[in-house]
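As structure tokens, the structure follows; a few thoughts come after it.
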Amino acid sequence: MFLRGKPLLIALLLHLLVALLYWTLMPLGMTWYQDRFGFTSHGNVGLGIAQYALFVMFLGAQPLIAVLRPLSAKLLVLAIPLAFAFWMLMHNHPLRLLYFTVGPALLALAAIVASRHYASPRHAPRSTGAADA
């Protein structure tokens, strides 16, 4: 059910990188969009708590995604913050919905694919045969 050894270390490092990228790119992307196109919210709409909850849920899901072994479990854990984003932002803020779902999902899926690729038996260290002799 859970990863162990080198695959776990690789997955944790990749998902830590995803969390750091998300943490740095999210405010930069919001600032860039506001500078180019203006603020997207209406006057009395307070989405700060919802956006913060999405941010924390996605960051909190990364270690759990990293330690789980089955792909279906990883995708299920990833789907929870994405479903929360759909529920919170779909009706009134479709642009923010894309921003809070597509970017984080692609980052997390890239980390899942990369960790499964590097943890596969094809990338195990090859023996030179000297230890067998």
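Heavy-atom basis, side chains included; hydrogens, waters and symmetry copies ignored.
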From Leu109 CG over to Leu78 CG, what is the distance, rounded to the nearest 0.5 angstrom?
5.5 Å
Report the distance from atom CD1 of Ile112 to atom CG of Leu107, rounding to the nearest 0.5 Å.
11.0 Å
Heavy-atom closest pair, residues Thr101 and Ala85
CG2-CB, 3.6 Å
Verdict with reasoning, Trp32 to Leu28, per side chain to side chain contact (heavy atoms under 4.5 Å, CB included)
CA-CA 6 Å; Trp32 176 85; Leu28 290 174; over 6 Å; no
What closest approach, in Å, do Phe86 and Leu97 show between heavy atoms, and which atom pair accounts for it?
CA-CD1, 3.5 Å
Do Leu17 and Leu64 belong together in a cluster built from hydrophobic side chains that touch within less than 4.5 Å?
yes
Assigning hydrophobic clusters by single linkage (Ile, Leu, Val, Met, Phe, Trp, Tyr; side-chain heavy-atom cutoff under 4.5 Å), is Leu71 placed with Leu76?
no
Measuring only between side-chain heavy atoms, which start at C-beta, is Leu82 closer than 4.5 Å to Phe100?
no
Check whether any side-chain N or O of Lys74 sits under 3.5 Å from a backbone N or O of Arg69 as a donor-acceptor pair, and report yes or no.
no
Working to the nearest 0.5 angstrom, can you tell me the gap between Arg116 CZ and Ile10 CD1?
13.0 Å
CG on Leu8 to OG on Ser115, rounded to 0.5 Å
10.0 Å
Verify the cluster assignment for Leu9 and Val67: are they in a single hydrophobic cluster under the rule of side-chain heavy atoms below 4.5 Å apart?
no
Where is the tightest heavy-atom contact between Pro81 and Ala61, given as atom of each residue plus distance?
CG-CB, 4.3 Å
So which heavy atom on Leu59 is nearest to which on Tyr22, and how close?
CD2-CD2, 3.9 Å
Closest non-hydrogen contact found for Ala111 with Val18 is CB-CG2, 3.4 Å
Leu16 pairs by side chain to side chain contact (heavy atoms under 4.5 Å, CB included) with which of Leu12, Leu20, Leu14?
Leu20
CG of Leu54 to CH2 of Trp87: how many Å apart, nearest 0.5 Å?
10.5 Å
Single-linkage hydrophobic cluster, 4.5 Å side-chain cutoff, Met57 and Trp23 together:
yes
Side-chain heavy atoms under 4.5 angstrom apart, residues restricted to Ile, Leu, Val, Met, Phe, Trp, Tyr: same cluster for Leu25 and Phe55?
yes
